[in-house]
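Quick note on labels: first sequence line is chain A, next is B, and so on, each numbered from 1.
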Number of protein chains: 2
Amino acid sequence: MPYGLSANDIDKLDQSVSHTKLLQKGETLYRQGTSFKSLYAVKSGSVKITSLNQEASEDVIGIYLPGEIIGFDGIATGEYQCTIHAIETSNVCEINLSEVQENIPGVSQQLLKHAGRAINHGRYARSVAKVSARKRIISFLLDLSDRYRHRGYLATEFELYLSRGELGNLLNLSAETISREIHKLEREKLISIVNKRRIQIKQMDQLKEILIAP
Amino acid sequence: MPYGLSANDIDKLDQSVSHTKLLQKGETLYRQGTSFKSLYAVKSGSVKITSLNQEASEDVIGIYLPGEIIGFDGIATGEYQCTIHAIETSNVCEINLSEVQENIPGVSQQLLKHAGRAINHGRYARSVAKVSARKRIISFLLDLSDRYRHRGYLATEFELYLSRGELGNLLNLSAETISREIHKLEREKLISIVNKRRIQIKQMDQLKEILIAP
DNA sequence: CGTTACGTTGATAGGAATCAATGAGGGTGG
DNA sequence: CCACCCTCATTGATTCCTATCAACGTAACG
């Protein structure tokens, strides 16, 4: 749902802030509690955003795909409230806020739009929390698919990069429930699973119908 | 958690955009689907933000208190994604985006901060969804209390303005569960209830401890 | 080749939803 | 002014979904 910058916008940012970072799988972009430095646009790969709960274990908040912007969690307080890990080899592009706001009029508007998208996506995530495990998982898969499609990637096959446990954490379900429901979807031939973590959407329309049905 | 503008900031906005609106209880500020016009700062009273789900019934997303800013849901797409109703007599102050961004340098930064707060609050709401009904309700009450305190209001007694059903909707619980849990808290003398909808926090520390405990 | 993390599958328990009935205001019209 | 209705709140009984506990399988890796 946070569909991200247009290719055009990314080019603009590229020219103005050419500072990009390469992250290997598992590497950290920033950590919860460290002071806010800049926003980042994901250029390639994907990252996961997590947050420490009271029990000091990590809650998975979401994942970000190319074109999407991260770092808003640090703007309000001056300290990042979350941690970003690359879940595959990824490139991110640094967006120095003050620099950008001074030099590129209009980008500030763009950033606000991105923030708005993030807020709307949060709202969407909230609404997903009300439905059954089955629908939650389908919602997640279709949301990912949609976001890939909007960035020009294949919408019907993609890698999850998350373990069952992380997925469960993200969707507020147990790892066991994730496993069971995903396999039920596969038995029903609505999706296929390759190598545990790669998803093929087989029946997009039927999946959408399930979400609509009571 | 979206603590809102400082009194100072609100004054600044007041001077630049003196256009304020009075909303009677039940009146609508804007509706889902209508085109984005401006952000609004709540000056007094309180409003609720709702969104239509597939079944075309209204999901309560949250409530906003004085000093907090609403309307970000319309920025990304140009159409408001939610509806705002006054739940008591309220004053809001219009924030014309382009006007403000041109004439008051720095406010744009402020707005981004507010968006950041909204994003963080959304994250918080997500994390609340993982815990028991009892903790969810306590979390909600303490969050409200905290936000009132930060705006200079009484933190230990306040009006809910929401029915049990709306509260349940907001916290992803049934109205019956809300009723039961609230009365359990009252029997335990942790809170008092006046007239069904007014809350007195009696044992703030104990309530906080419940949230921390496993 | 053992160790470790992840995934699957089954059995059981528990928390909240749902269904159902009753009570308590609040407003309206006769 | 009172009877009626309608919404909201409360309380109890039952059901159901998902978490939890437990055991086992599997793949990666030192």
Quiz item: So which heavy atom on A155(B) is nearest to which on M204(B), and how close?
Solution: O-CE, 4.3 Å

Quiz item: For residues 178-198 of chain A, which residues have at least one heavy atom under 4.0 Å from DNA chain D?
Solution: R180(A)

Quiz prompt | Side chain E176(B) and base dC19(C) donor-acceptor under 3.5 Å | solution = yes

Quiz item: Atom OH of Y124(A) and atom CZ of R117(A): how far apart are they, to the nearest 0.5 Å?
Solution: 16.0 Å

Exercise. Nearest 0.5 Å please: distance from the OG atom of S46(A) over to the CZ atom of F158(A).
Key: 11.5 Å

Exercise. Identify the residue among V128(A), I178(A), L160(A) that makes a side-chain contact (heavy atoms from CB on, under 4.5 Å) with F140(A).
Key: L160(A)

Practice problem: Could you tell me whether the side chain of E181(A) and the main chain of I137(A) form a donor-acceptor pair under 3.5 Å? | Solution: no

Exercise. Sort out for me which residue in T50(B), D59(B), N53(B) forms a side-chain contact (heavy atoms from CB on, under 4.5 Å) with N169(B).
Key: D59(B)

Exercise. Could you state the atom-to-atom distance from CZ of R164(B) to P of dG25(C) in whole Å?
Key: 13 Å

Practice problem: Would you kindly give the CG-to-P distance between L171(A) and dT18(D), to the nearest whole Å? | Solution: 12 Å

Practice problem: For E166(A) and dA5(C), give me the distance from atom CD to atom C1', rounded to whole Å. | Solution: 12 Å

Self-check item: Rounded interatomic separation in angstrom, taking OH from Y161(A) and P from dG7(C)
Solution: 15 Å

Exercise. Counting heavy atoms from C-beta on, name the nucleotide in dC21(D), dT11(D), dA19(D) closest to the side chain of S174(A).
Key: dA19(D)

Self-check item: Nearest-angstrom distance from the residue atom CG of L167(A) to P of dT8(C)
Solution: 11 Å

Practice problem: Find the distance L160(A):CG to dC6(C):P and express it as a whole number of Å. | Solution: 15 Å

